[in-house]
Amino acid sequence: MTSSLTIAISKGRILDDTLPLLEKVGIVPEENPDKSRKLILGTNQPDINLIIVRATDVPTYVEYGGADVGIAGKDILLEHDSSELYEPLDLGIAKCRLMLAELVQYKTRNGRLRVATKYTRTTRKYFTEQGIQVEIIKLYGSMELAPVLGLADKIVDLVDTGNTLKANGLKATDTICEISSRLIVNKAAMKIKRDKIKQLISSLEKIV
Ligand code: AMP
(Lines give C-alpha, C1' and ligand atoms only; values in the text may rest on other atoms or scores of the structure.)
Protein backbone atom coordinates (compact mmCIF):
# COMPACT_ATOMS: atom_id res chain seq x y z
CA MET A 1 0.00 0.00 0.00
CA THR A 2 1.35 3.45 -0.85
CA SER A 3 0.55 6.21 1.58
CA SER A 4 1.73 9.78 1.36
CA LEU A 5 4.21 11.44 3.66
CA THR A 6 3.71 15.00 4.92
CA ILE A 7 6.69 17.02 6.11
CA ALA A 8 6.08 20.15 8.26
CA ILE A 9 8.57 22.94 7.94
CA SER A 10 8.78 26.66 8.77
CA LYS A 11 9.92 29.56 6.60
CA GLY A 12 13.15 31.40 7.34
CA ARG A 13 16.51 29.95 8.32
CA ILE A 14 15.22 26.42 8.71
CA LEU A 15 13.59 26.35 5.28
CA ASP A 16 16.66 27.95 3.67
CA ASP A 17 18.93 25.29 5.20
CA THR A 18 16.51 22.38 4.69
CA LEU A 19 15.71 22.78 0.98
CA PRO A 20 19.28 21.89 -0.09
CA LEU A 21 19.19 18.83 2.21
CA LEU A 22 15.86 17.68 0.77
CA GLU A 23 17.17 18.22 -2.73
CA LYS A 24 20.18 16.02 -1.97
CA VAL A 25 17.84 13.21 -0.96
CA GLY A 26 15.76 13.73 -4.10
CA ILE A 27 12.84 15.79 -2.75
CA VAL A 28 12.18 19.05 -4.63
CA PRO A 29 9.06 21.20 -4.02
CA GLU A 30 6.95 21.90 -7.10
CA GLU A 31 6.92 25.61 -6.25
CA ASN A 32 9.36 27.82 -4.39
CA PRO A 33 7.97 27.81 -0.81
CA ASP A 34 9.31 31.33 -0.24
CA LYS A 35 7.31 32.72 -3.15
CA SER A 36 4.22 30.52 -3.10
CA ARG A 37 1.20 31.39 -0.97
CA LYS A 38 0.20 27.75 -0.84
CA LEU A 39 0.53 26.13 2.56
CA ILE A 40 0.56 22.59 1.17
CA LEU A 41 3.14 22.05 -1.53
CA GLY A 42 3.53 19.01 -3.70
CA THR A 43 7.01 17.77 -4.56
CA ASN A 44 8.61 15.92 -7.48
CA GLN A 45 7.76 12.77 -5.50
CA PRO A 46 3.98 12.23 -5.84
CA ASP A 47 3.75 10.70 -2.35
CA ILE A 48 5.61 13.46 -0.48
CA ASN A 49 4.09 16.84 0.46
CA LEU A 50 5.44 19.77 2.42
CA ILE A 51 3.33 21.93 4.71
CA ILE A 52 4.49 25.41 5.64
CA VAL A 53 3.65 26.41 9.22
CA ARG A 54 5.01 28.69 11.95
CA ALA A 55 8.17 27.39 13.61
CA THR A 56 6.40 27.06 16.98
CA ASP A 57 3.58 25.08 15.35
CA VAL A 58 5.80 22.42 13.70
CA PRO A 59 5.90 20.10 16.78
CA THR A 60 2.15 20.58 17.30
CA TYR A 61 1.31 19.54 13.72
CA VAL A 62 3.58 16.51 14.01
CA GLU A 63 2.36 15.54 17.49
CA TYR A 64 -1.30 15.52 16.39
CA GLY A 65 -0.57 13.80 13.07
CA GLY A 66 -1.32 16.78 10.81
CA ALA A 67 2.15 16.03 9.50
CA ASP A 68 4.08 12.75 9.73
CA VAL A 69 7.48 14.34 10.16
CA GLY A 70 8.78 17.84 10.70
CA ILE A 71 11.90 19.91 11.01
CA ALA A 72 12.13 22.04 14.13
CA GLY A 73 14.77 23.93 16.09
CA LYS A 74 15.88 22.41 19.41
CA ASP A 75 14.82 25.71 21.05
CA ILE A 76 11.23 25.11 19.91
CA LEU A 77 11.34 21.44 20.94
CA LEU A 78 12.60 22.27 24.45
CA GLU A 79 9.68 24.66 24.89
CA HIS A 80 7.15 22.25 23.38
CA ASP A 81 8.42 19.48 25.69
CA SER A 82 6.37 16.57 24.34
CA SER A 83 6.92 12.87 24.92
CA GLU A 84 4.71 12.17 21.91
CA LEU A 85 7.40 12.87 19.34
CA TYR A 86 10.44 10.94 18.18
CA GLU A 87 13.54 13.01 17.53
CA PRO A 88 15.69 10.60 15.54
CA LEU A 89 18.10 12.93 13.79
CA ASP A 90 20.10 16.10 14.41
CA LEU A 91 20.26 17.76 10.99
CA GLY A 92 23.05 20.09 12.11
CA ILE A 93 21.45 23.08 10.38
CA ALA A 94 20.27 26.54 11.58
CA LYS A 95 22.85 26.28 14.33
CA CYS A 96 22.99 28.87 17.09
CA ARG A 97 23.01 29.05 20.90
CA LEU A 98 20.34 29.81 23.44
CA MET A 99 22.07 32.31 25.71
CA LEU A 100 21.59 34.39 28.79
CA ALA A 101 22.54 38.03 28.21
CA GLU A 102 22.59 41.35 30.05
CA LEU A 103 23.59 44.96 29.44
CA VAL A 104 27.34 45.46 29.13
CA GLN A 105 26.95 47.96 32.00
CA TYR A 106 24.66 45.68 34.01
CA LYS A 107 24.68 46.33 37.75
CA THR A 108 23.09 43.89 40.17
CA ARG A 109 20.15 45.29 42.10
CA ASN A 110 18.12 44.14 45.07
CA GLY A 111 14.96 42.17 44.49
CA ARG A 112 13.97 39.28 42.30
CA LEU A 113 15.76 39.02 38.97
CA ARG A 114 13.55 39.80 35.97
CA VAL A 115 14.24 37.87 32.78
CA ALA A 116 12.54 38.59 29.46
CA THR A 117 12.26 35.77 26.94
CA LYS A 118 10.17 33.90 24.41
CA TYR A 119 11.53 30.68 25.96
CA THR A 120 9.73 30.74 29.31
CA ARG A 121 9.80 27.01 30.08
CA THR A 122 13.49 26.54 29.28
CA THR A 123 14.39 29.72 31.15
CA ARG A 124 12.45 28.67 34.25
CA LYS A 125 14.12 25.26 34.20
CA TYR A 126 17.57 26.84 33.83
CA PHE A 127 17.13 29.10 36.86
CA THR A 128 15.31 26.48 38.95
CA GLU A 129 18.25 24.10 38.48
CA GLN A 130 20.47 26.79 39.99
CA GLY A 131 18.05 27.46 42.83
CA ILE A 132 17.48 31.03 41.67
CA GLN A 133 13.95 32.47 41.78
CA VAL A 134 13.20 34.74 38.85
CA GLU A 135 10.29 36.66 37.43
CA ILE A 136 9.89 35.72 33.79
CA ILE A 137 8.44 38.22 31.34
CA LYS A 138 7.12 36.61 28.17
CA LEU A 139 7.94 38.48 24.98
CA TYR A 140 7.40 37.35 21.40
CA GLY A 141 10.30 39.21 19.78
CA SER A 142 12.91 41.98 20.04
CA MET A 143 13.96 40.64 23.43
CA GLU A 144 17.14 42.72 23.22
CA LEU A 145 15.09 45.86 23.90
CA ALA A 146 13.90 44.71 27.33
CA PRO A 147 17.09 45.43 29.34
CA VAL A 148 17.69 48.65 27.40
CA LEU A 149 14.29 50.00 28.47
CA GLY A 150 14.45 48.65 32.01
CA LEU A 151 11.76 46.02 31.43
CA ALA A 152 14.08 43.21 32.53
CA ASP A 153 17.54 42.63 34.04
CA LYS A 154 18.45 39.88 31.63
CA ILE A 155 17.20 38.14 28.50
CA VAL A 156 17.31 34.60 27.18
CA ASP A 157 17.46 34.51 23.39
CA LEU A 158 19.03 32.82 20.39
CA VAL A 159 22.45 34.10 19.45
CA ASP A 160 24.22 33.38 16.20
CA THR A 161 26.97 35.89 15.40
CA GLY A 162 26.34 37.99 18.53
CA ASN A 163 25.90 41.11 16.37
CA THR A 164 22.34 41.79 17.58
CA LEU A 165 23.43 41.68 21.23
CA LYS A 166 26.41 43.94 20.51
CA ALA A 167 24.34 46.44 18.53
CA ASN A 168 22.06 46.85 21.55
CA GLY A 169 24.74 47.18 24.21
CA LEU A 170 24.32 43.63 25.54
CA LYS A 171 26.72 40.79 26.27
CA ALA A 172 26.13 37.06 26.65
CA THR A 173 26.99 35.63 30.06
CA ASP A 174 26.08 31.94 29.71
CA THR A 175 25.13 29.34 27.10
CA ILE A 176 21.96 27.53 28.09
CA CYS A 177 21.88 25.15 25.14
CA GLU A 178 23.53 24.56 21.76
CA ILE A 179 20.75 24.70 19.17
CA SER A 180 20.31 23.02 15.79
CA SER A 181 17.35 21.72 13.80
CA ARG A 182 16.06 18.21 14.39
CA LEU A 183 13.97 15.81 12.37
CA ILE A 184 10.89 14.91 14.41
CA VAL A 185 8.45 12.09 13.76
CA ASN A 186 4.88 11.37 14.81
CA LYS A 187 4.83 8.16 16.88
CA ALA A 188 1.87 6.57 15.10
CA ALA A 189 3.26 7.48 11.67
CA MET A 190 6.54 5.80 12.64
CA LYS A 191 4.59 2.53 12.94
CA ILE A 192 2.17 2.92 10.03
CA LYS A 193 4.58 4.49 7.52
CA ARG A 194 7.69 2.86 8.90
CA ASP A 195 9.41 1.99 5.61
CA LYS A 196 8.98 5.45 4.11
CA ILE A 197 10.08 7.26 7.25
CA LYS A 198 13.05 4.95 7.87
CA GLN A 199 14.12 5.53 4.28
CA LEU A 200 13.91 9.31 4.72
CA ILE A 201 15.88 9.15 8.00
CA SER A 202 18.62 6.96 6.58
CA SER A 203 19.06 9.01 3.42
CA LEU A 204 19.23 12.24 5.46
CA GLU A 205 21.61 10.57 7.92
CA LYS A 206 24.05 9.88 5.10
CA ILE A 207 24.35 13.55 4.11
CA VAL A 208 24.37 15.38 7.45
P1 AMP B 1 22.90 37.31 15.63
O2 AMP B 1 22.85 38.81 15.56
O3 AMP B 1 23.58 36.70 14.41
O4 AMP B 1 23.50 36.80 16.92
O5 AMP B 1 21.41 36.76 15.53
C6 AMP B 1 20.54 37.02 16.58
C7 AMP B 1 19.12 37.21 16.12
O8 AMP B 1 18.75 36.23 15.17
C9 AMP B 1 18.19 37.06 17.30
O10 AMP B 1 17.11 37.95 17.16
C11 AMP B 1 17.76 35.62 17.22
O12 AMP B 1 16.47 35.44 17.75
C13 AMP B 1 17.85 35.29 15.75
N14 AMP B 1 18.42 33.96 15.49
C15 AMP B 1 19.72 33.61 15.56
N16 AMP B 1 19.92 32.34 15.22
C17 AMP B 1 18.71 31.85 14.90
C18 AMP B 1 18.22 30.57 14.44
N19 AMP B 1 19.04 29.53 14.25
N20 AMP B 1 16.90 30.43 14.24
C21 AMP B 1 16.07 31.47 14.42
N22 AMP B 1 16.45 32.70 14.84
C23 AMP B 1 17.74 32.89 15.08
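Atoms within a ligand are numbered from 1 in the order they appear, just like the ligands themselves. Quick caveat, the model's predicted, so the values are computed rather than measured.
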Peer 1: Could you name the protein residues that come within less than 4.0 Å of ligand 1, counting only heavy atoms, and order them by chain and residue number?
Peer 2: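 Around ligand 1, where the cutoff is 4.0 Å for heavy atoms, the contacting residues are Arg13, Ala94, Cys96, Glu144, Asp157, Leu158, Val159, Asp160, Thr161, Gly162, Asn163, Thr164.
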Peer 1: Take atom OH in Tyr126; do more than 12 heavy atoms of anything else shown fall under 6.0 Å from it?
Peer 2: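 Counting neighbours around OH of Tyr126, more than 12 heavy atoms of other residues, nucleotides or ligands fall under 6.0 Å, so yes.
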Peer 1: Any salt bridge linking Glu31 with Lys35? Criterion: basic side-chain nitrogen under 4.0 Å from a carboxylate oxygen.
Peer 2: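 Salt bridge flag = no for Lys35 with Glu31.
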Peer 1: Would you say Ile192 and Ser3 make side-chain contact, with heavy atoms under 4.5 Å?
Peer 2: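 Ile192 does not reach Ser3 side chain to side chain.
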Peer 1: For the pair Asp90 and Lys74, find out whether any cationic side-chain nitrogen is under 4.0 Å from an anionic carboxylate oxygen.
Peer 2: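 No salt bridge links Asp90 with Lys74.
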Peer 1: For residues 151-161, which residue pairs pass the side-chain hydrogen bond (donor to acceptor under 3.5 Å, both in side chains) check, not counting sequence neighbours?
Peer 2: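 Only Arg13-Asp160, Glu102-Lys154, Arg109-Asp153, Thr161-Asn163 qualify under side-chain hydrogen bond (donor to acceptor under 3.5 Å, both in side chains).
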Peer 1: Please check if atom NZ in Lys171 has more than 12 non-hydrogen atoms from other residues, nucleotides or ligands closer than 6.0 Å.
Peer 2: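 Yes, the 6.0 Å shell around NZ holds more than 12 heavy atoms from other groups.
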